[in-house]
Amino acid sequence: MPGRLEHKVAIITGGGSGIGLESATLFAREGAAVLLADINLDAAQKAADAIAKKYPNARALAVKADVGKEADVKAMVDRAVQEWGRLDVMFNNAGIMHPDDDNALNTEERVWDLTMQINLKGVWWGCKYAILAMRQNPTDAAKGLTVGGSIINTASFVALMGAATPQLAYTASKGAVLAMSRELAMVHAKEGIRVNSICPGPLKTPLLMNFLNTAEKRDRRLVHLPMGRFGEAIEVAQGALFLASSESSYMTGQDFKVEGGLTAAYVTPL
Ligand code: NAD
């Protein structure tokens with residue numbers, strides 16, 4: 001059985017942890033060459049080594065990149081194309097949740113700016129350089145390779161619903177990711193470049209669990225989750241794999257929700 005991403009080349013930002021790590025492992029299992037980009041090179045390298053150990057034929061490469069810096073994003077895309085000759089999947093997944101992010105009155109401008117720099121500008125630049133690379137993709141019909149590709153941008157359920165436990169900059173940045181992705185999907189639809197957002201629900205990853213560091217904080221959220229549990233990073237990675245593969249070939253401009261039914265909920269089961 002050929003893998004679902006056989007012969008394809010993927011970049012995953014934030015590949016050293018959480019959703020990025022699980023996605024990189026899954027994409028590699030499905031045959032993609034995977035470039036794991038992370039501001040934490042040690043974490044990305046550990047992830048790439050673990051992938052190589054698990055799947056000896058896998059092509060996994062770790063690079064240091066701060067997605068909040070345009071030059072780093074360009075260099076990361078250039079590196080993937082240099083190594084493997086093309087770019088089929090760009091997963092703009094890296095993001096931060098700043099500990100001082102709060103409501104309109106208490107959030108400092110530096111927190112707002114840093115959050116936008118990484119969560120929004122980082123995604124914009126990832127899209128920009130991916131589009132430029134995907135336009136140049138050589139076609140190889142025998143391998144099922146075409147010009148164009150799939151861009152996946154990580155937003156969040158908070159882009160779709162309000163929370164009385166505010167993180168204003170984070171929420172605004174994720175709402176902007178949805179709007180930007182939709183527009184890019186329209187602009188590039190006829191070039192064979194698909195752009196979808198993925199909206200994870202609250203997950204058991206360091207990003208959220210470092211923040212929800214007391215039972216009281218966790219319980220405040222758990223009551224709203226229909227399944228009564230936080231999600232796992234792998235459950236979002238499975239969604240990302242679908243968006244990355246040609247199984248989703250007629251999907252673009254979508255807010256793809258992987259949130260355990262959270263955004264459909266009014267009253268949740270006892
Ligand atoms: P995580 O903290 O486990 O992993 C994030 C990774 O991104 C880390 O390896 C980190 O080093 C890297 N990173 C941080 N800043 C970076 C930068 N400037 N440049 C490059 N890499 C950087 O987080 P996660 O839970 O896997 O989150 C991944 C994405 O999913 C984020 O965009 C996050 O906002 C989004 N998300 C997470 C949840 C959740 O509950 N965990 C819910 C909705 C959306």
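Order of listing sets the numbers, starting from 1, for every ligand and every atom in it. Position 1 is the first residue of the sequence, and the numbers go up from there. For the numbers below, each heavy atom of this structure counts, side chains included, while hydrogens, waters and symmetry mates do not.
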Passes side-chain contact (heavy atoms from CB on, under 4.5 Å), Phe230 versus Leu222? Steps please. CA-CA 7 Å; Phe230 294 109; Leu222 279 170; 3.7 Å; yes

Closer than 4.0 Å to some heavy atom of [X] - which atoms of ligand 1 meet that?
{"X": "Gly14", "result": "6 (C), 7 (O), 12 (C)"}
{"X": "Ala94", "result": "20 (C), 21 (N), 22 (C), 32 (O)"}
{"X": "Ile118", "result": "18 (N)"}

Counting only heavy atoms closer than 4.0 Å, does ligand 1 sit against the backbone of [X], its side chain, both, or neither?
{"X": "Val67", "value": "both"}
{"X": "Cys199", "value": "neither"}
{"X": "Ile39", "value": "both"}
{"X": "Ala37", "value": "neither"}
{"X": "Lys174", "value": "side chain"}
{"X": "Tyr170", "value": "side chain"}

[atom]: which protein heavy atom is closest, and how many Å away?
{"atom": "atom 44 (C) of ligand 1", "answer": "Ala155 O, 3.3 Å"}
{"atom": "atom 18 (N) of ligand 1", "answer": "Asp66 OD1, 2.9 Å"}
{"atom": "atom 42 (C) of ligand 1", "answer": "Gly201 O, 3.3 Å"}
{"atom": "atom 31 (C) of ligand 1", "answer": "Asn93 O, 3.2 Å"}
{"atom": "atom 23 (O) of ligand 1", "answer": "Leu207 CB, 3.3 Å"}
{"atom": "atom 25 (O) of ligand 1", "answer": "Thr205 OG1, 2.5 Å"}

Contact between [X] and [Y] at the side-chain level, heavy atoms closer than 4.5 Å - yes or no?
{"X": "Trp124", "Y": "Met180", "result": "yes"}
{"X": "Val158", "Y": "Thr171", "result": "yes"}
{"X": "Phe256", "Y": "Ile152", "result": "no"}
{"X": "Leu241", "Y": "Phe27", "result": "yes"}
{"X": "Ile19", "Y": "Ile198", "result": "no"}
{"X": "Met134", "Y": "Ile151", "result": "yes"}
{"X": "Lys174", "Y": "Tyr170", "result": "yes"}
{"X": "Leu87", "Y": "Met90", "result": "yes"}

Would you find a donor on one side and an acceptor on the other, under 3.5 Å apart, between the side chain of Asn153 and the backbone of Ser197? no

Using distance alone, determine whether [X] and ligand 1 share an N or O pair under 3.5 Å.
{"X": "Asn40", "answer": "no"}
{"X": "Thr154", "answer": "no"}
{"X": "Ile96", "answer": "no"}
{"X": "Ser156", "answer": "no"}
{"X": "Ile19", "answer": "yes"}

Winner among Ala65, Pro202, Ser17 once heavy atoms are compared against atom 20 (C) of ligand 1: Ala65

Which of these, Gly95, Ala44, Gly18, Gly15, has its nearest heavy atom closest to atom 5 (C) of ligand 1? Gly95

Going through the checks in order, is the side-chain contact (heavy atoms from CB on, under 4.5 Å) test met by Leu35 and Val63? CA-CA 7 Å; Leu35 186 138; Val63 302; 3.5 Å; yes

Under 6.0 Å from the NZ atom of Lys217, do we count more than 12 heavy atoms belonging to anything else shown? yes

Contact check, [X] vs ligand 1, heavy-atom distance below 4.0 Å:
{"X": "Pro206", "answer": "yes"}
{"X": "Ala233", "answer": "no"}
{"X": "Asp38", "answer": "yes"}

Relative to Phe157, does Lys257 satisfy both conditions: NZ or CZ under 6.0 angstrom from the six-membered ring centre, and within 45 degrees of the ring's axis? no

Trace of the salt bridge (charged side-chain N to carboxylate O under 4.0 Å, His left out) decision for Asp100 with Arg110: CA-CA 10 Å; Asp100 298 335; Arg110 68 176 173 89; 3.1 Å; yes

